[in-house]
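Side chains are part of it too, since the values below use all heavy atoms of this structure and drop only hydrogens, waters and symmetry mates. Positions are given from 1 along the sequence.
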Amino acid sequence: MKITEANFQVIVRYGGIALAISCIASIYLVMRHIEVYRDAARATAQYQQAVIRQQALQGVLQDFLVRAKTDPKVLEILERNQVIAVSSNELGKAQGVKP
């Protein structure tokens with residue numbers, strides 16, 4: 001395609017507008033990518049914290065289970081908490097909440 005005077009004038013007239021629109025679109029896409037990446041990083045950190053918390057709780061529970069064999073008070077506490085956990089789980093199912 002030959003660049004004629006008319007084509008050159010159209011390019012000069014609308015080229016700046018097209019350049020500005022493409023720059024704004026690029027900036028928007030970069031900012032959106034940063035936002036998605038930040039949210040994903042936050043979700044990963046929360047997941048890792050939950051896993052660590054769950055591992056710690058499992059360690060405590062195992063320790064209590066070992067002590068429950070020799071200490072009736074610890075066994076009573078574990079049984080009471082197990083009843084509470086089962087009843088709250090059943091309540092959640094009745095309300096339609098998924099664990």
Side-chain angles (χ1 to χ4, degrees):
M1 177 176 165
K2 284 188 170 182
I3 296 183
T4 62
E5 183 66 29
N7 289 342
F8 181 75
Q9 292 299 325
V10 170
I11 291 171
V12 169
R13 182 177 301 154
Y14 297 113
I17 295 170
L19 183 63
I21 290 172
S22 66
C23 285
I24 291 171
S26 296
I27 291 171
Y28 171 76
L29 290 175
V30 168
M31 296 302 288
R32 182 73 180 133
H33 176 73
I34 290 171
E35 180 182 343
V36 168
Y37 178 76
R38 183 183 64 222
D39 291 344
R42 186 179 303 138
T44 302
Q46 288 175 349
Y47 173 75
Q48 290 173 346
Q49 289 174 352
V51 168
I52 291 170
R53 192 176 307 123
Q54 182 181 11
Q55 289 173 348
L57 289 174
Q58 285 177 348
V60 170
L61 180 61
Q62 288 176 354
D63 187 37
F64 269 86
L65 289 174
V66 169
R67 291 183 187 194
K69 295 176 183 176
T70 58
D71 191 353
K73 190 70 174 171
V74 172
L75 182 62
E76 178 187 332
I77 293 170
L78 283 175
E79 289 174 349
R80 185 175 57 224
N81 286 331
Q82 185 177 14
V83 169
I84 292 171
V86 168
S87 65
S88 67
N89 191 17
E90 289 175 358
L91 179 63
K93 286 181 181 177
Q95 294 176 348
V97 177
K98 294 182 181 178

Please tell me if the side chains of L65 and L61 come closer than 4.5 Å, counting only heavy atoms from C-beta onward. yes

Once rounded to the nearest 0.5 Å, what's the spacing between atom CD1 of I34 and atom CG of L29? 11.0 Å

Side chains of residues 36-54: which donor-acceptor pairs under 3.5 Å do they make with residues two or more places apart or in other chains?
unit_1, atom_1, unit_2, atom_2, d
T44, OG1, A40, O, 2.9

Taking only residues two or more places apart in sequence, or in another chain, which ones meet Q55 in a side-chain hydrogen bond (donor to acceptor under 3.5 Å, both in side chains)? none

Check the hydrophobic clustering (I, L, V, M, F, W, Y; side-chain heavy atoms under 4.5 Å; chains of links allowed) and say if F8 and L19 are grouped together. no

Look at the side-chain heavy atoms of Ile, Leu, Val, Met, Phe, Trp and Tyr, link any pair under 4.5 Å apart, and say whether I17 and V10 land in one connected group. yes

Just by distance, with hydrogens left out, do Q58 and Q62 show a side-chain donor and acceptor under 3.5 Å apart? no

